[in-house]
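Please read the structure below before turning to the comments.
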Amino acid sequence: MGHFTITLSNNQKGDVRWGTIRKKSLFLGLFKKTRLDNEVKKGYIIKIEPASKDQKEYRLLKTKEGNWTSQDDGGFQVTPDDLISIEIKKAIDNYENQH
């Protein structure tokens, strides 16, 4: 798990926590100890400060290839796209490209 901060419009900051998310298969999980590589995604939980009126926390997913996805991956519910989540995605991409 990692952590960084992004700057958003309207003097808001986003506290970003990220980690690897693996899709769990109950059947395969009982008999195999290996995980399929295509099931790995990068999950982000972003808390906005000061909190916006609409939402305080955003949950976003990125595929192994680095593309944003809106597919719910089991227990990790992805936030639907809105103006702030699109801005958050751009800020995260900029941060990751610089570091």
Side-chain angles (χ1 to χ4, degrees):
M1 184 169 196
H3 173 263
F4 58 91
T5 303
I6 56 173
T7 303
L8 303 170
S9 61
N10 297 330
N11 293 324
Q12 292 180 316
K13 296 221 181 262
D15 181 48
V16 181
R17 301 204 181 261
W18 61 270
T20 302
I21 301 203
R22 290 180 172 85
K23 187 173 182 180
K24 296 179 183 179
S25 172
L26 181 61
F27 180 74
L28 289 176
L30 293 174
F31 301 105
K32 289 186 176 181
K33 300 225 179 215
T34 60
R35 293 191 170 127
L36 300 173
D37 286 338
N38 62 355
E39 303 285 339
V40 175
K41 293 184 182 170
K42 194 172 185 180
Y44 298 86
I45 298 175
I46 303 96
K47 293 188 179 181
I48 305 296
E49 294 296 331
S52 64
K53 296 175 190 173
D54 300 328
Q55 198 164 354
K56 298 177 183 178
E57 182 178 283
Y58 289 81
R59 292 174 174 255
L60 305 171
L61 280 176
K62 213 182 237 193
T63 64
K64 182 178 167 183
E65 294 78 26
N67 301 316
W68 293 102
T69 182
S70 60
Q71 290 182 337
D72 186 353
D73 207 13
F76 193 86
Q77 291 185 321
V78 178
T79 303
D81 280 342
D82 62 3
L83 292 174
I84 296 175
S85 65
I86 292 169
E87 183 181 0
I88 290 169
K89 289 176 184 180
K90 288 179 184 177
I92 290 172
D93 286 339
N94 287 338
Y95 178 86
E96 290 180 337
N97 289 334
Q98 292 177 358
H99 293 94

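- The salt bridge (Lys or Arg N to Asp or Glu O under 4.0 Å) search around E87 returns none, not counting sequence neighbours.
- With a 4.5 Å cut-off on side-chain heavy atoms, L61 and I21 count as touching.
- Under the side-chain contact (heavy atoms from CB on, under 4.5 Å) test applied with K41, the options T69, V78, T20 reduce to a single match, T69.
- At a threshold of 4.5 Å between non-hydrogen side-chain atoms, the residues Y95 and N97 do not count as touching.
- Within a 6.0 Å radius of CG in N11, other residues, nucleotides and ligands contribute 12 heavy atoms or fewer.
- With sequence neighbours left out, W68 forms a side chain to side chain donor-acceptor pair (under 3.5 Å) with D93.
- Interatomic distance, CD1 of I6 versus CD1 of I88, reported as 5.5 Å (0.5 Å rounding).
- The heavy-atom pair separating S85 from P80 by the smallest distance is OG-O, 3.6 Å.
- Residues satisfying the ring pair (Phe, Tyr, Trp, His ring centres under 6.0 Å) test with H3, not counting sequence neighbours, are none.
- Here the side chains of K56 and I48 are not in contact, with every heavy-atom distance at 4.5 Å or above.
- The residues E96 and K42 are annotated as salt-bridged, a charged nitrogen and a carboxylate oxygen being separated by less than 4.0 angstrom.
- Using a cut-off of 4.0 Å between Lys/Arg side-chain N and Asp/Glu carboxylate O, R17 and D15 are scored as salt-bridged.
- Heavy atoms only, all atoms of each residue included: G14 and L8 are closest at N-CD1, 4.5 Å.
- Residues I92 and F4 form a side-chain contact, since some pair of their non-hydrogen atoms from C-beta on lies under 4.5 Å apart.
- From I84, atom CD1 reaches atom CG of N10 across 8.0 Å, with rounding to the nearest 0.5 Å.
- Atom CG of L60 is separated from atom NZ of K89 by 6.0 Å, given to the nearest 0.5 angstrom.
- Between E57 and R59, at least one side-chain N (NZ, or NE/NH1/NH2) sits under 4.0 Å from a carboxylate O, which counts as a salt bridge.
- Between atom OG1 of residue T79 and atom CD1 of residue I46 there is a gap of 7.5 Å, rounded to the nearest 0.5 Å.
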